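Quick notes on the structure that follows.
First the proteins, then the strands, lettered A, B, ... as listed; each starts at 1. Below, each value reflects all heavy atoms present in this structure, side chains not excepted, and no hydrogens, waters or symmetry copies. It should be emphasised that the depicted structure is a prediction, and the values quoted were computed from it without experimental measurement.
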Protein chains: 2
Amino acid sequence: MANTTALTEEDVCQRIRDSILEQRIAPGTKLTEESLCGIFGVSRTTIRRVFLLLSKDNIIRLERNKGATIAAPTVEEAHQVFEARRATEKALLRRAAERVQPGDIAHLRAHLEEEQTALNEADLAAWIRLSGEFHIKLAHIARNEPMCTFLQQLVFQSSLIISQYGTAGAPSSCKGGEHERLVDALEHQDAETAQTIMAEHLRGIESQLSFETEETGQDLHVIFAAAS
Amino acid sequence: MANTTALTEEDVCQRIRDSILEQRIAPGTKLTEESLCGIFGVSRTTIRRVFLLLSKDNIIRLERNKGATIAAPTVEEAHQVFEARRATEKALLRRAAERVQPGDIAHLRAHLEEEQTALNEADLAAWIRLSGEFHIKLAHIARNEPMCTFLQQLVFQSSLIISQYGTAGAPSSCKGGEHERLVDALEHQDAETAQTIMAEHLRGIESQLSFETEETGQDLHVIFAAAS
DNA sequence: TGCCATTAAATTGTTGACAATTTGGTGACA
DNA sequence: TGTCACCAAATTGTCAACAATTTAATGGCA
């Protein structure tokens with residue numbers, strides 16, 4: 001009831017992206033057009049455009065005559081996403097170290113404050129989102145739009161992967177002050193150190209996932225083929 | 001009249017992508033929905049989906065109530081695309097060198113044959129397309145879907161950039177047997193050499209562009225402002 | 001002539017109805 | 001009871017008419 005103006009297509013995308021970044025929506029969730037029309041108060045046309053756009057980001061999976069579901073990355077896809085992140089963020093950091101400006105550092109430190117606040121207030125959803133957004137903000141310092149957009153896609157997919165394969169016990173994101181150390185290294189334009197921290201950081205996140213256990217949907221073939 | 005079955009959405013995308021890769025369509029070209037409906041024999045609904053998908057790849061530019069045009073990258077965007085290619089293809093080559101298999105090399109050599117044939121037959125359009133596709137095939141050897149898809153986008157954008165800023169005299173693509181040398185290096189799993197060749201290769205392509213001269217469309221303002 | 005408001009044509013955006021497909025359930029029958 | 005065919009509901013796909021916007025053209029007016 002807060003907003004009477006109609007939501008635009010990009011608004012809806014953002015809302016869905018946020019819910020993924022905060023891990024409030026599970027991979028594999030079925031999204032029917034009509035229900036989303038009701039929720040966001042937009043027409044089916046808009047929702048269908050949103051589905052198409054998000055499917056390009058591998059956030060939503062579209063199957064003909066079957067509708068849309070929140071993407072549920074396979075183990076293979078998950079590894080490829082993290083491999084891509086290692087390569088991309090490493091390259092971005094080198095350029096970021098060359099191009100970083102004082103204002104960037106201030107901005108990042110303000111972001112770190114927010115992360116800390118969310119952590120103190122035990123606002124887990126906000127903290128998870130901020131952890132992801134940190135990597136995106138870091139990327140922007142490199143001033144390369146195509147690579148930033150690409151990394152953004154990877155971060156959203158990572159969020160889905162963590163939703164799916166994350167061990168419940170340990171919050172599988174950036175602890176140990178690695179974000180802080182990244183900002184420090186960047187402030188000194190130390191690309192090498194930043195890259196090393198980032199590599200460890202991403203390996204750390206990936207290592208906290210458990211890929212051995214159950215899968216979703218299509219892998220039943222493999223499971224039951226072996227059992228019979 | 002060759003095909004009576006209706007073209008699907010992906011077919012239309014591919015046709016448009018091909019025409020860009022062969023540089024048969026100029027950046028900035030206006031695409032009206034109705035005309036494309038007639039050309040491809042599909043409904044407006046399909047064309048609109050195609051526009052939306054290709055706009056996500058930065059191949060088509062969508063402006064609200066203004067319709068679609070073939071993207072016309074700015075100089076700044078062009079530099080960023082090539083920077084992204086250098087970073088991405090370098091990373092891809094390292095992984096490709098680790099994972100390359102004999103079949104891959106055979107496949108690449110067959111592709112080189114095609115390139116040579118097109119060159120001998122003076123089929124310029126085909127040769128330009130094949131030159132671009134070489135980089136995409138190379139990327140696939142690294143077995144990383146997200147990065148492959150990303151590179152694909154960059155290659156298409158490169159094609160637009162070359163259309164726009166390429167000097168007419170020299171065909172601003174891969175000569176000097178650099179593609180051959182890349183395959184050789186890859187066959188010996190020599191990532192370092194491959195990366196060096198690729199870096200030179202991309203710099204070479206970029207250096208053949210002329211960013212000083214005229215621009216398209218909106219830059220007329222600047223041009224005539226200076227002249228008056 | 002040059003400029004500006006008004007109008008007509010062309011193009012894009014949106015909506016709703018209808019068709020096609022999938023999904024879930026019911027009941028007949030072995 | 002278990003299986004299969006069939007039917008009904010729900011969901012997605014398509015299309016055509018209509019609304020809104022932009023673009024081009026015309027004609028008045030200084």
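- Near DNA chain D, defined here as any heavy-atom distance below 4.0 Å, the residues from residues 35-48 of chain A are Arg44(A), Arg48(A), listed numerically.
- Computed from coordinates, the Leu52(A) CG to dG13(D) C1' distance equals 13 Å when rounded to whole Å.
- Other residues, nucleotides and ligands contribute at most 12 non-hydrogen atoms within 6.0 Å of the CZ atom of Arg15(B).
- His107(B) and His140(B) share no side-chain donor-acceptor pair at under 3.5 Å.
- One can place CD of Glu34(A) at 15 Å from P of dA9(D), the figure rounded to the nearest angstrom.
- Of all nucleotides in DNA chain C, those with any atom nearer than 4.0 Å to a heavy atom of chain A start and finish, going 5' to 3', at dT14(C) to dT23(C).
- Summarising the geometry, the separation between NZ on Lys66(B) and P on dT21(D) is reported as 14 Å, rounded to the nearest angstrom.
- A salt bridge is defined here as a Lys NZ or Arg NE, NH1 or NH2 lying under 4.0 Å from an Asp or Glu carboxylate O, and Arg99(B) with Glu83(A) meets this definition.
- Expressed to the nearest 0.5 Å, how far CG of Leu62(A) lies from CG of Leu54(A) amounts to 9.0 Å.
- At a threshold of 4.0 angstrom between heavy atoms, the contacts of Leu31(A) are confined to the sugar-phosphate backbone, with no base atom among them.
- When the options Lys137(A), Glu133(A), His179(A) are evaluated for a side chain to side chain donor-acceptor pair (under 3.5 Å) with His111(A), the one that passes is Lys137(A).
- Ring-plane geometry between His201(B) and His135(B) is classed as parallel, the angle between the planes falling under 30 degrees on a 0 to 90 degree scale with a further cut at 60.
- Using a cut-off of 4.0 Å between Lys/Arg side-chain N and Asp/Glu carboxylate O, Glu206(A) and Arg85(A) are scored as not salt-bridged.
- Taking a cutoff of 4.0 Å between a charged side-chain nitrogen and a carboxylate oxygen, Asp123(B) and Arg129(B) do not qualify as a salt bridge.
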